[in-house]
Protein chains: 2
Amino acid sequence: MSTKEMRKHSGVVSGFLKGLANRDRLLILCELAEGEKSVTSLIEATGIAQTSMSQHLSKLKDENMVSFRREHRTLYYFISHDAVRDVMGVLHQHFCKESKT
Amino acid sequence: MSTKEMRKHSGVVSGFLKGLANRDRLLILCELAEGEKSVTSLIEATGIAQTSMSQHLSKLKDENMVSFRREHRTLYYFISHDAVRDVMGVLHQHFCKESKT
DNA sequence: ATATGATATCATGAATATATAAATTGTAAA
DNA sequence: TTTACAATTTATATATTCATGATATCATAT
């Protein structure tokens, strides 16, 4: 994990992390971690406003974190980058474990 | 990895990720991944301006990602959150592997 | 006490990110 | 072809982040 090595990649990596570093986008990615979802069902599940959802998805697309396929009028989004799943896994472990009852 | 579960923690988690989501702070954390370092040696190793370094370290402290100890006039910073090491590990795997020569 | 070294804080402006509303595009049903 | 639905794009106001320069603090050596 040398600095020299990271220096080469820090632009891409920080971009990736910026994609993740937002409450709403974390919720979206949690939903997508379960499998592909339509935009409408993401809106229902998260309560995020439609326009806002579209912008967040667009940002996630820009960072190559998600992709989508169209079926009729509906777009189905899904996680398209393994690093997303792995990072979410680590975050879940460290931040989402129940404390003892 | 339910949304309900993440909803409770998404504020903390996105704060944590914002701490990580910056080129300079990634470089700083790469250095600290090797062990504790003084501010001066961090400045030398990374080339980040003094004021800027101080602000970045302050932000990392706010997110509980690093701590420091004082020895005479010198402050030694170190990573104080396991999630930092684990997330950095995943990022390294996915983004910093050499492609085949 | 004063000077110096190591670091932090403050103030400012430029660049980015976010939320909201309005207008637009693309697909399919009537 | 008109209408409605699903989603994106554009515009704009506000908030946050970041870089820089100036100043301040705190510990130590003289």
Side-chain angles (χ1 to χ4, degrees), chain A residues 6-7 10-32 36-80, chain B residues 6-7 10-32 36-80:
Chain A
M6 179 56 92
R7 199 177 285 279
S10 59
V12 174
V13 176
S14 67
F16 174 87
L17 288 166
K18 278 175 191 170
L20 225 51
N22 171 279
R23 285 183 74 124
D24 286 347
R25 288 193 297 275
L26 282 174
L27 294 180
I28 292 168
L29 291 170
C30 270
E31 287 297 315
L32 296 183
E36 65 167 22
K37 297 267 166 83
S38 70
V39 178
T40 300
S41 72
L42 285 173
I43 289 168
E44 282 169 7
T46 61
I48 296 166
Q50 189 268 325
T51 298
S52 198
M53 176 62 70
S54 200
Q55 288 179 160
H56 284 308
L57 289 172
S58 172
K59 179 153 203 165
L60 292 172
K61 250 187 305 176
D62 290 345
E63 292 298 336
N64 299 310
M65 300 168 81
V66 304
S67 306
F68 66 90
R69 68 184 177 86
R70 179 186 286 279
E71 193 171 301
H72 308 293
R73 305 188 263 217
T74 303
L75 304 188
Y76 291 90
Y77 277 82
F78 54 91
I79 291 173
S80 57
Chain B
M6 179 57 91
R7 199 177 285 281
S10 59
V12 175
V13 176
S14 67
F16 174 87
L17 288 166
K18 278 175 192 173
L20 224 52
N22 172 276
R23 284 183 74 125
D24 287 347
R25 287 194 297 276
L26 282 174
L27 294 179
I28 292 168
L29 291 170
C30 269
E31 286 298 316
L32 295 182
E36 65 168 22
K37 297 267 166 82
S38 70
V39 178
T40 300
S41 73
L42 285 173
I43 289 169
E44 282 168 7
T46 61
I48 297 166
Q50 187 270 321
T51 299
S52 199
M53 176 61 71
S54 199
Q55 287 179 163
H56 284 310
L57 289 172
S58 173
K59 179 153 202 164
L60 292 172
K61 251 188 304 176
D62 290 346
E63 293 297 336
N64 300 310
M65 299 167 81
V66 304
S67 306
F68 66 91
R69 71 186 176 84
R70 180 186 285 278
E71 193 171 302
H72 308 293
R73 304 188 265 217
T74 303
L75 305 188
Y76 292 91
Y77 277 83
F78 55 91
I79 292 173
S80 57

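Throughout, a chain's letter reflects where its sequence line sits, starting with A, and its residues are numbered from 1.
- Within 4.0 Å (heavy atoms only), A:Arg23 reaches no atom of the nucleic acid at all.
- In summary, of the residues considered (B:Ile28, B:Val66, B:Leu29), a side-chain contact (heavy atoms from CB on, under 4.5 Å) with B:His56 occurs for B:Ile28 alone.
- As a whole-Å value, the separation of B:Ile48 CD1 from D:dT20 P is 11 Å.
- Residue A:Leu75 has its side chain nearest to D:dA7 when only D:dA7, D:dC18, D:dT20 are considered.
- The nearest pair of heavy atoms linking B:Leu20 to A:Leu17 is O-CD1, 3.6 Å.
- The two residues A:Leu60 and A:Gly19 have their closest heavy-atom pair at CD2-O, 3.6 Å.
- Protein atom CD of A:Glu44 is 10 Å distant from nucleotide atom P of D:dA7, rounded to whole Å.
- The separation between B:Asp62 atom CG and D:dT17 atom P is 11 Å, rounded to whole Å.
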>> One pair to check against side chain to side chain contact (heavy atoms under 4.5 Å, CB included): B:Met65 and B:Arg25. What are the steps and the verdict?
In response: CA-CA 11 Å; B:Met65 299 167 81; B:Arg25 287 194 297 276; over 6 Å; no

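- Sorted by first and then second residue, the ring pair (Phe, Tyr, Trp, His ring centres under 6.0 Å) pairs involving residues 59-79 of chain A (not counting sequence neighbours) are A:Phe68-A:Tyr77.
- Between A:Gln55 and A:Lys18, it is A:Lys18 whose nearest contact on DNA chain C lies nearer the 5' terminus.
- Taking atom CD1 of residue A:Ile43 and atom P of nucleotide D:dA7, one finds them 7 Å apart after rounding to whole Å.
- Considering only side-chain N and O atoms, B:Ser52 lies under 4.0 angstrom from the phosphate OP1 or OP2 of D:dA19.
- One finds a side-chain N or O of B:Lys59 lying less than 4.0 angstrom from the OP1 or OP2 phosphate oxygen of D:dC18.
- Backbone-only contact: A:Thr74 has heavy atoms under 4.0 Å from sugar-phosphate atoms and none from a base.
- Distance, B:His56 NE2 to D:dC18 P: 7 Å, rounded to whole Å.
- Whole-Å rounding puts the A:Tyr77 OH to D:dA6 P distance at 15 Å.
- Nearest heavy-atom pair across B:Arg7 and A:Ala45 is NH2-O, 3.4 Å.
- Across all non-hydrogen atoms, the minimal contact from A:Leu42 to A:Thr46 is O-OG1, 2.7 Å.
- Residues B:Ala21 and A:Phe68 both approach DNA chain D. Their nearest nucleotides, taken by heavy-atom distance, put A:Phe68 toward the 5′ side.
- Atoms CD (B:Glu63) and C1' (D:dT16) sit 13 Å apart, rounded to a whole Å.
- In this structure, the CG atom of B:Leu26 is 11 Å from the P atom of D:dC18, given to the nearest Å.
- Bracketed by its first and final contacts, the part of DNA chain C lying under 4.0 Å from non-hydrogen atoms of chain B reaches from C:dT4 to C:dA11 in 5' to 3' order.
- Checking A:Arg73 against B:Ser41, the closest nucleotide of DNA chain C that is more toward the 5' end is the one next to B:Ser41.
- Under 4.0 angstrom from either OP1 or OP2 of D:dC5 there lies no side-chain N or O belonging to A:His72.
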